[in-house]
Amino acid sequence: MKSRLVASAAISALVLLGATGCTFITPQSTKIEYSGSDGVNISDEDGPLAVRNAFIVANEDGTVGNFIGAVVNPTDERATLTIVVGNNDFTVTVPAGDRVSFGADAEPLRIVDLNAKPGSTIEMHFQSGDSLGVKTQVPVLDGALPYYADLVPTGS
């Protein structure tokens with residue numbers, strides 16, 4: 001009778017270990033960073049600023065677009081971000097411990113001669129501080145969704 005009890009306990013322990021042991025080698029999905037929206041997050045390890053939810057809303061033929069995104073400054077000093085896309089370059093100064101949110105609190109950055117149709121991506125360069133900067137593929141969207149309709153650039 002004791003041998004059955006010991007065998008039963010051993011089998012239960014093996015089943016329990018087998019069912020829960022998988023989590024020791026499986027990556028935790030909550031530790032994987034991702035952009036939870038349509039845009040992309042850009043972080044430069046060497047620069048003080050970070051860009052969150054960056055994307056472009058373009059007109060139908062992809063010749064003009066509006067850059068949308070938030071530039072975050074978690075430091076104690078004012079910092080400047082340079083954004084380069086095609087022949088366009090922009091300089092954004094963000095106060096210490098603050099953010100600038102293009103398309104929400106601030107007007108979007110208008111990009112002319114975009115040459116990227118909605119549904120594609122375009123390479124953009126983001127540089128702040130003493131960093132060399134980061135090149136990132138940024139999605140180009142259209143105004144099909146109601147909350148992007150007001151962000152489509154007008155005129156040429």
Side-chain angles (χ1 to χ4, degrees), residues 16-17 19-156:
L16 183 63
L17 180 62
T20 60
C22 296
T23 60
F24 289 121
I25 58 173
T26 303
Q28 294 178 345
S29 60
T30 55
K31 291 194 174 226
I32 299 171
E33 290 187 30
Y34 71 98
S35 298
S37 185
D38 295 325
V40 293
N41 292 334
I42 299 109
S43 293
D44 183 359
E45 307 259 334
D46 298 327
L49 301 178
V51 180
R52 299 289 177 248
N53 196 29
F55 61 94
I56 296 170
V57 178
N59 60 0
E60 219 175 279
D61 60 1
T63 56
V64 181
N66 282 331
F67 174 77
I68 310 298
V71 183
V72 181
N73 182 358
T75 69
D76 294 335
E77 295 180 15
R78 183 176 73 152
T80 301
L81 175 72
T82 302
I83 303 170
V84 178
V85 55
N87 296 327
N88 300 273
D89 61 335
F90 305 96
T91 302
V92 179
T93 301
V94 184
D98 204 357
R99 67 167 168 68
V100 175
S101 187
F102 296 104
D105 303 337
E107 286 295 315
L109 298 176
R110 186 177 178 87
I111 303 167
V112 294
D113 299 325
L114 180 63
N115 196 24
K117 290 191 176 192
S120 66
T121 61
I122 190 164
E123 185 175 86
M124 295 181 71
H125 184 259
F126 299 88
Q127 187 275 327
S128 65
D130 295 332
S131 161
L132 293 176
V134 194
K135 289 184 179 179
T136 304
Q137 292 293 323
V138 175
V140 180
L141 308 174
D142 62 10
L145 297 171
Y147 41 90
Y148 295 147
D150 293 342
L151 299 173
V152 176
T154 56
S156 53

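With sequence neighbours excluded, no residue forms a side chain to side chain contact (heavy atoms under 4.5 Å, CB included) with Ala96. Residues passing the salt bridge (charged side-chain N to carboxylate O under 4.0 Å, His left out) test with Arg52: none are found, sequence neighbours excluded. Not counting sequence neighbours, the partners of Asp105 by the side chain to side chain contact (heavy atoms under 4.5 Å, CB included) test are Arg99, Ser101. For Asn87, there are no side chain to side chain contact (heavy atoms under 4.5 Å, CB included) partners, not counting sequence neighbours.
At distances below 3.5 Å, not a single donor-acceptor pair connects side-chain atoms of Asn66 with backbone N or O atoms of Pro108. The main-chain N or O of Gly129 is found under 3.5 Å from a side-chain atom of Gln127 such that the two form a donor-acceptor pair. In this structure, Asn59 contributes its side chain and Val64 its backbone to a donor-acceptor pair below 3.5 Å.
Applying the side-chain hydrogen bond (donor to acceptor under 3.5 Å, both in side chains) test to every pair with at least one member in residues 135-151, sequence neighbours left out, gives these pairs: Asp38-Tyr148, Thr121-Gln137. Legend: ring pair (Phe, Tyr, Trp, His ring centres under 6.0 Å) pairs involving residues 84-139, not counting sequence neighbours: none detected.
Here the straight-line distance linking atom CD1 of Ile111 with atom CD1 of Ile122 works out to 7.0 Å at 0.5 Å rounding. Taking CG from Leu151 and CD from Glu107, the interatomic distance works out to 9.5 Å, rounded to the nearest 0.5 Å.
Heavy-atom contacts from other residues, nucleotides or ligands closer than 6.0 Å to CD of Glu123 number more than 12. In this structure, Asp130 places its CG atom where only 12 or fewer heavy-atom neighbours from other residues, nucleotides or ligands lie under 6.0 Å away.
Minimum heavy-atom separation, Ala79 to Leu49: CB-CD2, 3.7 Å. Heavy atoms only, all atoms of each residue included: Ala58 and Pro153 are closest at C-CD, 4.0 Å. Heavy-atom minimum distance, Pro95 versus Asn73: O-ND2, 3.3 Å. Counting all heavy atoms, side chain and backbone alike, Val140 lies closest to Ala116 at CG1-O, 3.5 Å. The two atoms that bring Pro48 and Pro74 nearest to each other are O-CD, 3.4 Å, heavy atoms only. Of all non-hydrogen atoms in Val84 and Gly86, the two that sit nearest each other are CG1-O, 4.0 Å.
For the pair Leu132 and Asp46, the minimum side-chain heavy-atom distance is 4.5 Å or more.
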| said: Run the side-chain contact (heavy atoms from CB on, under 4.5 Å) test on Val94 and Leu81 for me, step by step, so that the C-alpha distance in whole Å, both residues' side-chain angles and the decisive distance to 0.1 Å come before the verdict. | reply: CA-CA 8 Å; Val94 184; Leu81 175 72; 5.7 Å; no

| task | Take Val92 and Phe67 through the side-chain contact (heavy atoms from CB on, under 4.5 Å) test and state the conclusion after the steps. | result | CA-CA 12 Å; Val92 179; Phe67 174 77; over 6 Å; no

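In summary, the side chains of Asp113 and Asn115 do not present any donor paired with an acceptor at a separation below 3.5 Å, with no hydrogens or angles considered.
When each of Thr63, Ile56, Asp61 is tested with Leu114 by the rule side chain to side chain contact (heavy atoms under 4.5 Å, CB included), just one qualifies, namely Ile56.
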